[in-house]
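Have a look at the structure below before the remarks.
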Amino acid sequence: MTILDVKSFAAGQWVDTDSSARDIYSAITGEVIARAGNLTLDVTGMLDYGRQVGGPALRAMSFHDRARMIKALAVHLGQHKQALYDLSFATGATQKDHLIDIDGGIGTMFVFASKGRREMPDDTIYLDGELEQLSRNGSFMGHHVCTSLQGVAVHINAFNFPVWGMLEKLAPTLLAGVPAIVKPATATCYVTEACVRIMLESGILPEGALQLVSGGLGDMLDHLTNQDVVSFTGSADTALKLKSAPHILQNSIRFIAEQDSLNASVLGPDAVAGTPEFDLFIKEVCREMTTKAGQKCTAIRRIFAPQAQAEAVISALSDRLAKTVVGDPRDAATHMGALVSLAQKRDVLAKAEILSREAERVFGDPDGFAVMGADQGAFVPPMLYHCADPDQAEHIHAVEAFGPVSTVMPYRDLDHAISLVNRGQGSLVASVITHDPEVAREVTVGSAANHGRLYFNNRDSMKESTGHGSPLPHMVHGGPGRAGGGEEMGGVRGVMHYMQRTAIQGSPALLTQIGNRWVPGAPQVTHHPHPFTRSFDDLDIGDTLKSDPREITLDDIETFAHFTGDTFYAHMDEDAARRNPFFPGRVAHGYLLLSFAAGLFVQPDEGPVLANTGLDKLRFLKPVSAGDSIHVHLTVKQKTPRNDDYGEVRWHVTLFNQDAEMAAEYELLTMNAYS
Ligand code: NDP
């Protein structure tokens, strides 16, 4: 059998292994299948290349350009994923596991691509939060902006997800405009290398955007600067060692850590045997124990059941686990494959031994356990423990056996369950299977602070729920304390880990130019033709229409009231309206004002404005009575291309009364055709 030489990709060149390379073993046969590592790898050259070649190229692209690039990469990977499936079996993973790692990674890229287009501007500066008025008259304002870090992101990944682990970090990094150097765990780096090769050979990425270290990183981390980021997934020991290095601390180098986690799942007090929730719980726990042979950072390690249900839980779980076929992951009949290596198997068994000091094993005996035809493989059976006294236990709440190992524990009441869940001292996720909204609220109040994610499921959501163990690109992944204190993904939040937030203070005109978004008080240009006659491209930020005035009559108010059915007393009953502290007497409907505003600013002919798609931030500021007159200012606030045919224009709309007081303010969204 040929042994794969797993290469690195440094400064635009594939680099071979050298004599220092480490052997990599098949999880199924225990044979050496690959080698990785090269002591002479020029790690500082890689950093320079990323900073000088990849960074500038990515920063020249807008968020939308980068999002399109990420989508193209995802499409390309989807077309070539069979090669990754084929390689991944040797990691011990089944075809179902591949769907989580490989398809899950590609899916994550699609979500980031979509969020980049929909939630970020077609620009290189991202505006964070709202404008802040810092002075009485609004001539000095503040805004937070986020810009790309000017260094590289070093991604150090765990062995369990050679593809997803890379892509879930890579997508937000590239969207942020930062080049990445990926260092996969050596045990499964041959799969990552193949994935990197597919991406590089696609020609979709700019030069320098992605480099790969297969094997050791050398002293790369000692050459990082404050513009670089380390994002790490793996063991708490390695995380501590790396993040506490003096160079990292002295230079305040960002270090995102995702590490061991004693995730819990709670069977709600209401979810007794016989309810749909009980069956769902058994299914979820069993799935989490056996998927990827339990080698998931989010897997359920601690199972909490109401005291009276503990026996039923053990019995139902044991029955279900007994049906789990452990075997060669290439065999379609196999439910659970192997651990990644014999070294990992030794580690899992040693940790299970520690758990057995406080808990009794009630299912699965690893002694003499073997899979026919693969007796050198890293196979273990699912192992279920029962710890009758979780209050006294220490190891159960602290030792992560990174395999199909979990412990059932009884709880007295919900407060007790919450305190036990929190003994994980910070976890990535906890799940609660309950149909009782009060339980969900109490667990959230009592334990959300200890978790990066809480997952509730019951009969109403079970058909569509995504699973306790699945981190989703839309939601944050990471957890406090033992889980590393890091956070990844969570949509655009995940992009911000690779950008610098800066408070910008200045005049409205300067802030408008910096952010490409009109700020009240900045110049308004009124001499152009009507903005509704101009295409998306022809409109400039700040272009403004100032309408003629229109008087509001009592007849208008009554006609509108009867036409719409909105005969609320504030519009129809003078005495009642006067008794209301907000109104001087009968007033015009807010929606009447909006309708009249549209009548004042639209240009009726067929033209580039295709549709009105919404209103944001509507505020009625001053009542308008019969006899008052209103006029409108309509200003182009922001422009965002949406597809090949049209883009979204966000207009700032202000309604004034005859005394130039603001009566209402809102943002109007339209879709406008390109020229
Ligand atoms: P490690 O912490 O040993 O390795 C994680 C990553 O760090 C790997 O890429 C590894 O590379 C790298 N690394 C190790 N030492 C250094 C160093 N000195 N400098 C730079 N990089 C380094 O974890 P493992 O993947 O071996 O898993 C061990 C345990 O970690 C598991 O048994 C499990 O308990 C836990 N784990 C937790 C995960 C989670 O997400 N919660 C995920 C995976 C593991 P290399 O492989 O080349 O050593």
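One-based numbering along the sequence shown. Each ligand, and each atom within it, is numbered from 1 in the order the structure gives.
Residue Gln295 places no heavy atom under 4.0 Å from ligand 1. For Cys189, the heavy-atom gap to ligand 1 stays at 4.0 angstrom or more. Heavy-atom distances between Lys351 and ligand 1 stay at or above 4.0 Å for every pair.
Protein heavy atom at the shortest distance from atom 37 (C) of ligand 1 is Gly234 O, 3.5 Å. Counting only heavy atoms of the protein, atom 27 (O) of ligand 1 lies nearest to Phe159 CE2, 3.5 Å. Scanning all protein heavy atoms for the shortest distance to atom 29 (C) of ligand 1 gives Ser235 CB, 3.8 Å. In this structure, the protein non-hydrogen atom closest to atom 12 (C) of ligand 1 is Ile156 CG2, 3.6 Å. Distance from atom 35 (C) of ligand 1 to its nearest protein heavy atom, with residue and atom name: Asp260 OD1, 3.5 Å. In this structure, atom 19 (N) of ligand 1 lies nearest to the protein heavy atom Leu242 CD2, 3.5 Å. For atom 13 (N) of ligand 1, the closest non-hydrogen atom of the protein is Thr238 CG2, 3.7 Å.
Remark: Val362 engages Ile314, Glu360, Leu384, His386 in a side-chain contact (heavy atoms from CB on, under 4.5 Å) (not counting sequence neighbours).
For the residue pair Arg254 and His497, the shortest heavy atom distance occurs at NH1-O, 2.8 Å. The minimum heavy-atom distance linking Tyr25 with Ile33 is given by the pair C-CG1, 3.9 Å. Shortest non-hydrogen contact noted between Ser214 and Cys189 is CB-SG, 4.3 Å.
Contacts between Asn160 and ligand 1 below 4.0 angstrom, taking non-hydrogen atoms only, involve the side chain exclusively. Counting heavy atoms closer than 4.0 Å to ligand 1, residue Thr233 contributes atoms from both its backbone and its side chain.
Which parts of ligand 1 touch Pro184 is read off a 4.0 Å heavy-atom cut-off, strictly below it: atoms 9 (O). Those atoms of ligand 1 with a heavy atom of Arg22 less than 4.0 angstrom away are 47 (O), 48 (O). Those atoms of ligand 1 with a heavy atom of Lys241 less than 4.0 angstrom away are 18 (N). Against a heavy-atom cut-off of under 4.0 Å, Ala185 is close to the following atoms of ligand 1: 8 (C), 9 (O), 46 (O). For ligand 1 and Asp347, the ligand atoms under 4.0 Å from any heavy atom of the residue are 32 (O). Using a 4.0 Å cut-off to heavy atoms of Thr186, the atoms of ligand 1 that qualify are 45 (P), 46 (O), 47 (O). Which parts of ligand 1 touch Glu400 is read off a 4.0 Å heavy-atom cut-off, strictly below it: atoms 33 (C), 34 (O), 35 (C). Taking a cut-off of under 4.0 Å to the non-hydrogen atoms of Ala158, the atoms of ligand 1 that pass are 42 (C), 43 (C).
From Ile70, atom CD1 reaches atom CG of Leu174 across 5.0 Å, with rounding to the nearest 0.5 Å. Atom CD1 in Ile248 sits 11.5 Å away from atom CG in Asn226 (nearest 0.5 Å). In this structure, the separation between CZ on Arg302 and CG on Leu420 is 7.5 Å, given to the nearest 0.5 Å. Note: Leu170 CG to Leu205 CG = 7.0 Å, rounded to the nearest 0.5 Å.
No cation-pi contact links Lys351 to Phe402, judged by a cut-off of 6.0 Å to the six-membered ring centre and 45° from its axis.
For ligand 1, the polar-atom distance check finds no N/O of Ser261 at less than 3.5 Å from any of the ligand's N/O atoms. The distance criterion of under 3.5 Å between nitrogen or oxygen atoms is met by Asn157 with respect to ligand 1.
A parallel orientation is assigned to the rings of His98 and Tyr85, their planes being inclined by less than 30° (bins at 30° and 60°).
Within the structure, salt bridge (Lys or Arg N to Asp or Glu O under 4.0 Å) pairs that include any residue of residues 2-11 comprise Asp5-Arg35, Lys7-Asp16 (at least two apart or interchain).
Within a 6.0 Å radius of CE in Met496, other residues, nucleotides and ligands contribute more than 12 heavy atoms.
Under the 4.5 Å side-chain criterion, counting only non-hydrogen atoms from C-beta, Glu258 is not in contact with Lys169.
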